[in-house]
Structures are given as C-alpha cells and as structure tokens.
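Please read the structure below before turning to the comments.
Keep in mind that this is a model prediction, so the values were computed, not measured.
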Amino acid sequence: MIIFENHTYQITGGCPNKNYLEGLNCEQPKWVVDDNSELARKILSSACWKPVEDEKGNLIDIVIVDVPEHEPTAEEKTGELKAQLDEIDRLAIRPLRAIAAGTATDEDRETLAELEKQAEEIRMELAELSEEKAVVNNG
C-alpha cells in the first residue's frame with residue numbers, strides 16, 4: 001500500500017512492500033506499508049487518522065481521530081426546514097379531515113394550532129436564511 005501526504009492511498013497489488021511509482025514523474029507517496037499488515041487494515045477501516053512516525057519518518061502506526069462535523073450549508077438547512085414543513089402538512093391531514101367531516105374534537109383543533117405555530121416558526125427561519133443568502137450573494 002502506498003500512502004500519500006493527504007492520506008489517500010493505493011493498494012500496490014503485486015508488490016506490497018514496494019513503491020511502484022518510484023522513478024515515475026508523478027507525485028510520490030510519503031509512506032509504503034505492506035498490504036497485508038495490521039497497519040494497512042487500520043488505515044483501510046479508518047475515515048480519519050493521524051500518522052505516527054518513527055525518527056526516520058516511517059509510518060509505524062496511526063491514531064484514529066473523530067471526523068470533524070461540518071457546518072450545514074444554507075441549502076442543507078433550507079432543505080431540512082422544507083422537509084419539516086412537509087411533515088407538518090402530513091400531520092395536519094387527520095385533524096383537517098375530522099374538521100371537514102364535522103367530527104373534530106378540541107384535541108384536533110389544538111393539534112392544528114400547534115402544527116401551525118411550528119410551521120410559522122419554520123417559515124421565519126426560512127425567511128432569515130433567505131435574507132442571509134441574499135446578503136452573502138450581494139455582499
């Protein structure tokens with residue numbers, strides 16, 4: 001396995017202990033690890049890791065680190081909020097049906113009022129996101 005500085009890697013196949021890119025005019029790997037080693041298995045099973053090197057710069061182990069959480073984009077937030085509005089609409093169907101049929105209870109009306117309150121809050125969040133997006137695009 002050859003491993004580059006950015007932690008991308010390639011399995012070397014027929015030469016597990018050799019840099020098969022050596023001598024070629026291309027980016028060279030930082031480390032070479034036996035494909036069948038425990039270290040190679042750790043690398044293959046880890047999404048995010050830090051190297052542990054010996055004094056000569058050889059990779060001797062890795063430390064698995066948590067994948068950093070990313071801050072959702074405005075588009076992702078907008079999509080989530082719209083999905084919440086869709087769910088509120090779905091939840092409103094049964095009480096609305098009861099009202100239309102004339103069989104509604106106070107609970108049905110309370111449910112609709114609470115769902116509408118949630119929807120209003122989400123619409124306000126969507127408006128804020130839209131304003132933030134406009135400022136970023138025009139700023």
Side-chain angles (χ1 to χ4, degrees):
M1 162 186 278
I2 57 174
I3 307 163
F4 297 92
E5 182 79 37
N6 66 359
H7 297 187
T8 59
Y9 55 83
Q10 293 179 349
I11 302 295
T12 56
C15 0
N17 294 312
K18 185 177 180 214
N19 173 10
Y20 64 93
L21 295 177
E22 191 172 3
L24 297 177
N25 186 18
C26 64
E27 180 185 2
Q28 294 296 307
K30 181 159 183 179
W31 303 287
V32 177
V33 174
D34 186 333
D35 289 352
N36 300 315
S37 68
E38 182 62 32
L39 181 54
R41 282 189 283 285
K42 282 174 76 174
I43 291 168
L44 290 171
S45 67
S46 305
C48 197
W49 54 270
K50 290 184 179 180
V52 176
E53 298 175 296
D54 64 14
E55 63 280 347
K56 295 180 183 176
N58 297 314
L59 183 66
I60 57 172
D61 200 2
I62 63 169
V63 176
I64 298 170
V65 294
D66 291 332
V67 177
E69 292 190 29
H70 87 171
E71 184 68 28
T73 65
E75 288 79 18
E76 291 170 332
K77 289 178 187 177
T78 298
E80 176 60 32
L81 292 171
K82 287 181 177 181
Q84 289 176 18
L85 285 174
D86 288 344
E87 179 64 11
I88 288 171
D89 288 345
R90 189 188 69 72
L91 293 171
I93 293 171
R94 204 214 54 73
L96 285 171
R97 188 177 65 230
I99 290 170
T103 60
T105 64
D106 287 340
E107 187 178 323
D108 291 323
R109 289 179 190 84
E110 289 171 11
T111 298
L112 274 179
E114 179 58 34
L115 290 171
E116 185 54 29
K117 180 181 170 189
Q118 292 174 15
E120 287 175 16
E121 291 171 2
I122 291 171
R123 285 191 210 84
M124 287 179 14
E125 284 186 67
L126 282 169
E128 289 172 10
L129 278 172
S130 182
E131 288 173 13
E132 288 174 15
K133 191 174 176 182
V135 168
V136 169
N137 290 336
N138 295 329

Set of residues satisfying side-chain contact (heavy atoms from CB on, under 4.5 Å) with respect to L21, sequence neighbours excluded: I2, F4, N19, L24, C26, Q28, P29

Aromatic ring pairing W49/H7, orientation class (parallel under 30°, perpendicular over 60°, tilted between): parallel

Nearest-0.5 Å distance that lies between atom CD in Q84 and atom CD in E80: 5.0 Å

I64 with V52, same ILVMFWY side-chain cluster at under 4.5 Å: no

Salt-bridge contact E38-R41 (side-chain N to carboxylate O under 4.0 Å): yes

CG-CZ distance between D106 and R109, expressed to the nearest 0.5 angstrom: 6.0 Å

Side chain proximity check, Y9 to L44, heavy atoms < 4.5 angstrom: yes

Hydrophobic cluster (4.5 angstrom, side-chain heavy atoms) - remaining members for L85: L81, I88, L91, L115, I122, L126, L129

Value rounded to 0.5 Å, distance of CD1 in I3 from CD in E5: 11.5 Å

Pairing residues for T105 by the side-chain contact (heavy atoms from CB on, under 4.5 Å) criterion, not counting sequence neighbours: E107, D108

Donor-acceptor under 3.5 Å (S37 side chain, D34 main chain): yes

Reported NZ-to-CG distance for the pair K30 and N58, which is rounded to 0.5 angstrom: 10.5 Å

Within-4.5 Å side-chain heavy-atom neighbours: R123 and Q118: no

Lys/Arg N to Asp/Glu carboxylate O, E120 vs K117, below 4.0 Å: no

Donor-acceptor pair, side chain of W31 and main chain of M1, under 3.5 angstrom: no

Considering all heavy atoms, the nearest L39-L59 contact: CD2-O, 3.7 Å

